[in-house]
Amino acid sequence: METVSIAKIYQNTVWVETDITGDAHVMLQCEAPGSDAACLATVRYHYPFMDNSTRNRVATEIAKMLGASDPVEVKFRDIT
């Protein structure tokens, strides 16, 4: 049986992006070269059921479950 050695372990980066419509997107990207960011969850803002504070708290907790460190980085999603 052949043995395998691990040469490098790439970590994931997790953050939250908010957009102009009020939604919050939990994003994940592997630090491996050529890796693209992926949206794993979207918490929709929908008045009167979801306020900004609740939306932020839910998105932040999801990001923490995926490995984000506290405080979770929050970015504004580019409109382009």
Throw together a table of side-chain donor-acceptor distances under 3.5 angstrom for residues 1-8, partners on residues two or more places apart or in other chains.
none

Counting only pairs under 3.5 Å, give me each side-chain donor-acceptor contact of residues 60-69, with atom names and distances, residues two or more places apart or in other chains.
residue	atom	partner	partner atom	Å
Thr60	OG1	Asn56	O	2.7

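Side-chain contact check for Val72 versus Val14: every heavy-atom pair is 4.5 Å or farther apart.
Residue pairs meeting the salt bridge (Lys or Arg N to Asp or Glu O under 4.0 Å) criterion with at least one member in residues 11-25, sequence neighbours excluded: Glu17-Arg77, Asp23-Arg44.
The two atoms that bring Tyr10 and Cys30 nearest to each other are CB-SG, 3.7 Å, heavy atoms only. Scanning both residues, Val16 and Ala24, for their nearest heavy atoms gives CG1-CB, 4.0 Å.
Residues Leu28 and Val26 share a hydrophobic cluster, clusters being chains of Ile/Leu/Val/Met/Phe/Trp/Tyr side chains in contact below 4.5 Å.
Grouped with Tyr47 in one hydrophobic cluster are Tyr45, the linkage being side-chain heavy-atom contacts under 4.5 Å among Ile, Leu, Val, Met, Phe, Trp and Tyr residues.
Gln29 contributes a side-chain N or O that, together with a main-chain N or O of Ser35, makes up a donor-acceptor pair within less than 3.5 Å.
A search for ring pair (Phe, Tyr, Trp, His ring centres under 6.0 Å) contacts involving Phe76 returns nothing, not counting sequence neighbours. Taking the side chain to side chain donor-acceptor pair (under 3.5 Å) definition, one finds that Arg57 meets it with nothing, sequence neighbours left out. Every residue meeting the side chain to side chain donor-acceptor pair (under 3.5 Å) condition with Thr42, not counting sequence neighbours, appears here in chain and number order: His25.
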